[in-house]
Amino acid sequence: QVQFVESGGGLVQPGGSLRLSCTSSVSAFSLYVIGWYRQAPGKQRELVADIAYNGYTSYADSVKGRFTILRDNAKKLVELQMTNLTSEDTAIYYCNAQNSAFLQQHWGQGTQVTVSA
């Protein structure tokens with residue numbers, strides 16, 4: 001069963017911007033902290049940003065000030081707005097609920113972000 005579907009990735013120039021979207025079918029979506037993660041080849045998946053049910057946010061130091069995470073509980077939607085992109089942001093980006101069951105059992109296809117001239 002698909003719980004989270006990521007979209008919006010693509011090829012972007014350094015310094016450019018992208019907006020990633022994550023749509024969810026989770027019935028209790030509004031109760032979960034939702035995170036955006038990324039994984040580059042040969043590297044572990046890392047948490048980029050997350051957002052709590054009440055809108056509280058947290059960001060990795062590497063993206064702080066450049067990325068913005070937001071959610072719309074009514075639409076079961078989480079977005080990651082990315083600006084000033086660099087090659088270090090190249091990765092597959094995933095969204096998931098920060099819940100042990102989801103983190104152990106659910107990872108979708110993700111969406112590829114490639115930052116290149």
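Contact check for H106 versus N96: side-chain heavy atoms found under the 4.5 Å cut-off. Residues S116 and L11 are in side-chain contact: their nearest non-hydrogen atoms beyond the backbone lie under 4.5 Å apart. Using a 4.5 Å heavy-atom threshold, the side chains of V113 and L20 count as touching. V78 has its side chain within reach of W36: a pair of non-hydrogen atoms, C-beta onward, lies under 4.5 Å apart. Between R66 and M82, every side-chain heavy-atom pair lies at or beyond the 4.5 Å cut-off. In this structure the side chain of L85 never reaches within 4.5 angstrom of the side chain of P14, judged on heavy atoms. Side-chain contact between S30 and Y53: absent, with no pair of heavy atoms (C-beta onward) separated by less than 4.5 Å.
Open room surrounds CD on Q109; 12 or fewer heavy atoms of other groups in view lie less than 6.0 Å from it.
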Stepwise side chain to side chain contact (heavy atoms under 4.5 Å, CB included) test for I92 and R38: CA-CA 5 Å; I92 302 175; R38 68 186 181 188; over 6 Å; no
Going through the checks in order, is the ring-ring contact (aromatic ring centres under 6.0 Å, His included) test met by W107 and Y37? CA-CA 10 Å; W107 292 100; Y37 302 77; 5.0 Å; yes
Any chance you could lay out the side chain to side chain contact (heavy atoms under 4.5 Å, CB included) test for C22 and V5, step after step, and finish with the verdict? CA-CA 5 Å; C22 171; V5 178; over 6 Å; no
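Side chain of S24 to main chain of Q3: a donor-acceptor pair is present (N/O by atom type, distance under 3.5 Å, no hydrogens or angles). Looking at T111, its side chain does come within 3.5 Å of a backbone N or O of G9 through a donor-acceptor pair. Side-chain atoms of D50 do not come within 3.5 Å of backbone N or O of V33 as any donor-acceptor pair. Judged purely by atom type and a 3.5 angstrom limit, E6 uses its side chain to pair as donor or acceptor with the backbone of C95. Listed for the T114 side chain is no donor-acceptor partner under 3.5 Å among the backbone atoms of T90. Put simply, the side chain of N73 never gets that close to the backbone of K76: no donor and acceptor are under 3.5 Å apart.
Side-chain heavy atoms closer than 4.5 Å link hydrophobic residues (I, L, V, M, F, W, Y) into clusters, and following such links, possibly through other members, connects L47 to L103. In the hydrophobic clustering of ILVMFWY residues, with side-chain heavy atoms under 4.5 Å counting as a link, V48 and Y59 come out together. One hydrophobic cluster holds both F102 and L80 under the rule that ILVMFWY side chains link at heavy-atom gaps under 4.5 Å.
Geometrically, R45 engages Y94 in a cation-pi contact, judged by NZ or CZ lying under 6.0 Å from the ring centre and within 45° of the ring axis. Cation-pi check for R71 over Y32 is not met; the charged atom does not lie both under 6.0 angstrom from the ring centroid and within 45 degrees of its normal.
E79 CD to I34 CD1: the interatomic distance, rounded to the nearest 0.5 Å, is 14.0 Å.
Smallest separation of non-hydrogen atoms from D89 and Y93: O-OH, 2.6 Å.
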